[in-house]
Amino acid sequence: MPQSDGFHVKPTDCTDYDFLKIEPHWQSIWEQTRPFRAENGSTKPKYYVLDMFPYPSGAGLHIGHPEGYTATDILARYKRAKGFNVLHPIGWDAFGLPAEQHAVRTGTHPASNTQNNIKNFRRQIRALGFSYDWEREVDTTDPKYFRWTQWIFLQLFKKGLAYVDERPVWWCPELRTVLANEEVVDGKSEVGGFPVERKNLRQWVLRITAYAEQLIDGLKDVDWPDSTKRMQEAWIGRSEGAEVLFKLENAALGDLKIFTTRPDTLFGCTYMVLAPEHPLVPGLTTDAQREVVDAYRKATASKSDVDRMSDAAKEKTGVFTGSYAINPVNGARVPIWIADYVLMGYGTGAIMAVPAHDERDWDFAHLFNLPVQKVIAGGSGPNDWTATTARIVRVGGEVRKVDMRLALEGEMIDSDFLDGKTTSEARTAIIDWLEQNGRGKRRVNYKLRDWLFSRQRYWGEPFPIVWVSEADYARAATVRPELPKNPVTFVEGGGVQYALPLPEVALPLQLPDVQSYLPSGTGESPLANVPAWLEIWFNAETGEAVPASQAKPAGDAWLRGRRETNTMPQWAGSCWYYLRYLDPQNAETFAGKDALAYWGVPDLYVGGAEHAVLHLLYARFWHKVLFDLGAVPQAEPFKKLFHQGIILGEDGVKMSKTRGNVVNPDDIIRDYGADTLRLYLMFLGPLEAMKPWNPKGIEGVHRFLRKFWRECIGEDGKLNSRVSDSAALTADAEKLRHETIKKVGEDLDAMRFNTAISQMMIYVNALQKEPALPRIVLLEFAQMLAPFAPHFGEELWTRLGGTGSAMAAAWPMFDPAKLVADTMTIVFQVNGKHRGDAQVPVASSEADLIKIAQEHPKVAPHLAGKALKRTIYVKGKLLNLLVA
RNA sequence: GCCCGGGUGGCGGAAUGGUAGACGCAGGGGACUUAAAAUCCCCUUUUCGCAAGGAAGUGCGGGUUCGAGUCCCGCCCCGGGCACCA
């Protein structure tokens, strides 16, 4: 801590451990001396430790926040003591639905409610003594921040990674508004319980699928929990296969393109299935089938994803179109069905069905009496078969139980030129054949879908986009060389609208004030209700705008435009905030080159596993785009990731208001102090584990602090009389001292906070029994404790006469020579059973030990009258005597 | 259904293949005190035994090993994720 500021650091004057005095005292000192400032351009090595920044909800800090935040704070303080220039920032992910809902209810601007919540969060976080660099605080709703969120969007736009499309949203006719997924409960609106339906609206979509391969590849290079990597992999869902073209009997309709991962089973295809939404369906439907097909398509359309998903567990449905396709490999005529078990959004929305070797096709075929053609003879490996299951099938109203055991891998049969090959050989051979004959090709497919990136809400970043006519866009293009090659367009009201981005100089595009936060009623955001902002004369060169109701300003660059009314989702601001912390005041760029070069990306990122996929995938996507633009130097944003576990209520279930088991950090701080809370959160168990809160357990760590206080401070508030500069520890305590320094350091490096605390408790228990205490030993311990309990550590460090701050001192080193003892404990086993132990000189040989064991009163009886066959000696630990 | 993670005293948890239960909570006994609080000391896996001491024991069943909470195989239960992705 800098003493040069002229701020004289004094402890409090309390005699007891009065945390209510001590904690605010040190907090105010930290506020005035700002010791946690991270310095850009330091010569020290850097360490960047990042917390997932919170959404500042009205409920205040949840106990889960300080859990992860304490862990990172301990590491931040520890690394500073180890000589690192530490960047440990905090900010607010402050756009979001609750603030908007509050605004709708109260009519007040969401910004004011948001700022109040931030104030409360800031107060609570300060009360916990976290060593954040407050000069780097970011707020995603601050125009100075979201200017750069919009700027990054423009980079995506320019690269052709942003487009518009009609996508279904939840629409509630009664409320005349679009609802978020979480606002829909059981097919009804959460507010009012009105029915909701699907409605297509114009949406912004980000082409994250263009990065699917890189997003999988990058996982190799990061130190993340395996489960999180696997979740992302599964979410991206890469699969290799082939695209196959089937001719249609009605040649006028062209070819039917399908995707399959099992081209080897092409000879086993006995029917085709299209998603009900497939564009070829109307053309393929024969007059005789038109009625049932239309009815089925209508029924599917009215189903939500959720319905379709829950139906999946039930029976398959589908109808025949009346048309046939031709199998390119054998000319077989196969019927074309539609069924909602085929999804339009994956592959080509059409499949070849091979009921003999695919469980889903098997079910469908048995339900509708479609033929089954075996093409795999089965193999010998454990994964060559599906599990044998008895399936209930209905054949014309009759219910039957059928055994199913489908070969998945093995030897090809009844497949012409593939016969005799293994399935994996056949996959290669058939793709070669398809390519040579122009009937298909190798293809990789992903489950990952493009990212729906717009919301019909007020409280989000506005899109820096103005919709203009084709002619105006062409005019703008002459002065705006950066416009994408393929314009983003949308057909609306009979005309084609062109998306014209704001020039970067015109950012940020701010939210206009609105009369009401209620949605527009048409499905558009409340922004659609602000004509002066919405309908404008727009200067394509400068980005300036005047309301369209006014006269058109002079000059060629002025165009008639309508602003985009969608706003960005909450993910946007959190996609890049870790970069803004590097250089938060920079008005020229999102982060300066020097800051990016020095700080790079976080060395450690700690946050909940609930963000394993979405936030962490979206942020990686944006980062890779920035990397490809040369805007950031690394390809991956988060080198090392750690998930803290959830803290359950004392009843062992998730904390919730309705259960009344919520722990409020404010209450704990009032009753025990922030230092005790921090220590207890870390002592509860491994950071990554899910663990219940035990209100009684907190007493233990509180007693531990008080115990060490008493060792240092007497009842009069002065130094304890047992403390002196001339005292020395007993040999055992001296050894324990060095063991403790070693273990605490190792445990901190490995993020095992619970065992570090336990070791410190063992050490203090031993110090308590010492006849005299060297002052240096207590100083050293106060320093070791300071990352965990910073106010307490500083208070005692200062009272013990430490110079400066406990945090400014170099981290204690252990002396390996002090760890070696001259005796060791050897455990004696007879035939593997523990029978006794002995303290022996370190130099003892195996032969010495055997002799000691044979004379040992507890061991000898088990050896009596038996012959020693063999001994196993684990050096310094154990001697196992095998007798018979 | 598939993919992960986990099951250890009354409770939270600790144990590079080497003394299972560190540390803490709770409980019992004692010291100090007029008393209480605070603090300190002792006990506290189960079971047999007056004791000394013995036996069993890390979800269940097998296995590898001189030795398994830890490694392998097969189950059961709990938690999380995905879920007709062809």
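In the text below, chain A, chain B and the rest are named by the order of the sequence lines, each starting its count at 1. We use all heavy atoms of the structure for the numbers below, so side chains are in, but hydrogens, waters and symmetry mates are not.
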Complementary nucleotide of B/C11, counting Watson-Crick and G-U pairs under 3.5 Å: B/G24

Sugar-phosphate only, base, or nothing, as touched by A/Lys447 at under 4.0 Å among non-hydrogen atoms: base

Any A/Lys229 side-chain nitrogen or oxygen under 4.0 Å from OP1 or OP2 of B/G81: no

P gap between B/U64 and B/A55, integer Å: 23 Å

Selected nucleotide, minimal atom distance to A/Ile762 side chain, candidates B/C25, B/C23, B/C84: B/C23

Set of residues satisfying side-chain contact (heavy atoms from CB on, under 4.5 Å) with respect to A/Gln839, sequence neighbours excluded: A/Thr823, A/Thr825

Option passing side chain to side chain contact (heavy atoms under 4.5 Å, CB included) with A/Val830 (candidates A/Val883, A/Leu868, A/Leu882): A/Val883

Nearest to side-chain heavy atoms of A/Thr825, which nucleotide of B/U19, B/C66, B/G81: B/U19

Whole-angstrom distance between B/C75 and B/G81, as gauged at atom C1': 23 Å

Distance in angstrom units between A/Asp363 CG and B/A86 C1', rounded: 14 Å

Enumerate all atom pairs, one protein N or O and one N or O from nucleotides 14-18 of chain B, separated by less than 3.5 Å.
{"from": "B/A14", "atom 1": "OP1", "to": "A/Asn754", "atom 2": "ND2", "distance (Å)": "2.9"}
{"from": "B/U16", "atom 1": "O4", "to": "A/Lys877", "atom 2": "NZ", "distance (Å)": "3.4"}
{"from": "B/G18", "atom 1": "N2", "to": "A/Gln829", "atom 2": "OE1", "distance (Å)": "3.2"}

Pairwise C1' distance, B/A31 and B/G79 [rounded to whole Å]: 47 Å

Closest-nucleotide 5' rank along RNA chain B - winner of A/Asp226 and A/Val613: A/Asp226

Close aromatic pair by centroid cut-off 6.0 Å: A/Phe364 and A/Tyr271: yes

Spacing between A/Glu67 atom CD and B/G12 atom C1', to the nearest angstrom: 13 Å

Polar contact flag, side-chain donor to acceptor under 3.5 angstrom, A/Asn694-A/Tyr680: no

Sugar-phosphate, base or nothing in reach of A/Met690, heavy atoms under 4.0 Å: sugar-phosphate

A/Gln373 side chain vs A/Ala356 backbone, donor-acceptor pair below 3.5 Å: no

Whole angstrom value for the distance that separates P of B/A56 from NE2 of A/His834: 15 Å

Side chain to side chain contact (heavy atoms under 4.5 Å, CB included) assessment of A/Met760 paired with A/Phe781: CA-CA 9 Å; A/Met760 291 194 286; A/Phe781 187 75; 3.7 Å; yes

Conformer about C1'-N of B/G79 - syn within 90° of 0, anti elsewhere: anti

Between P of B/A83 and OH of A/Tyr341, the distance in whole Å: 19 Å

Inter-nucleotide P distance (B/G53, B/U58), Å rounded: 24 Å

Short side-chain N/O contact to B/G13 OP1/OP2 from A/Ser758, under 4.0 Å: no

Greater than 12 external heavy atoms within 6.0 Å of A/Lys742's NZ: no

Derivation of the side chain to side chain contact (heavy atoms under 4.5 Å, CB included) call for A/Asp340 and A/Tyr296: CA-CA 9 Å; A/Asp340 67 1; A/Tyr296 187 80; 3.4 Å; yes

Integer-rounded Å distance: B/G81 P and A/Glu610 CD: 10 Å

Gap in Å between the two P atoms, one belonging to B/G57 and one to B/A52, rounded: 23 Å

Counterpart base for B/G69, defined by Watson-Crick or G-U wobble contacts under 3.5 Å: none

Complement of B/C60, any strand, by Watson-Crick or G-U distances under 3.5 angstrom: B/G74

Atom-pair distance (CG on A/Asn445; C1' on B/A86), nearest Å: 9 Å

Atom-pair distance (CG on A/Asn831; P on B/A55), nearest Å: 12 Å

Watson-Crick/G-U partner (both atom distances under 3.5 Å) of B/C2: B/G81

Any side-chain donor near an acceptor of the partner, A/Thr209 and A/Asp450, under 3.5 Å: yes

Distance test, side-chain N/O of A/Arg230 to OP1/OP2 of B/C3, below 4.0 Å: no

Sugar-phosphate only, base, or nothing, as touched by A/Thr871 at under 4.0 Å among non-hydrogen atoms: nothing

Euclidean distance for C1', B/A20 against B/U46 (whole angstrom): 14 Å

Base-contact (B) and sugar-phosphate-only (S) positions in nucleotides 27-54 of chain B, heavy-atom cut-off under 4.0 Å, - elsewhere: -----------SSSS-----------SS

Euclidean distance for C1', B/G54 against B/C66 (whole angstrom): 23 Å

Test of ring centre spacing under 6.0 Å for A/His702 and A/Phe19: yes

Whole-angstrom distance between B/A68 and B/U19, as gauged at atom C1': 14 Å

Nucleotide opposite B/U46 in a Watson-Crick or G-U pair, distances under 3.5 Å: B/A55

5′-ward residue of the pair A/Lys833/A/Asp358 relative to RNA chain B: A/Lys833

No-H, no-angle donor-acceptor pair, A/Lys316 side chain to B/C84 base, under 3.5 Å: yes

A/Asp747 side chain to A/Thr755 side chain, donor-acceptor N/O pair below 3.5 angstrom: yes

Rounded distance (nearest 0.5 Å) linking atom CD1 of A/Ile698 with atom NZ of A/Lys696: 13.5 Å

Nearest-Å distance for atom pair NE2/C1', residues A/His702 and B/G12: 19 Å

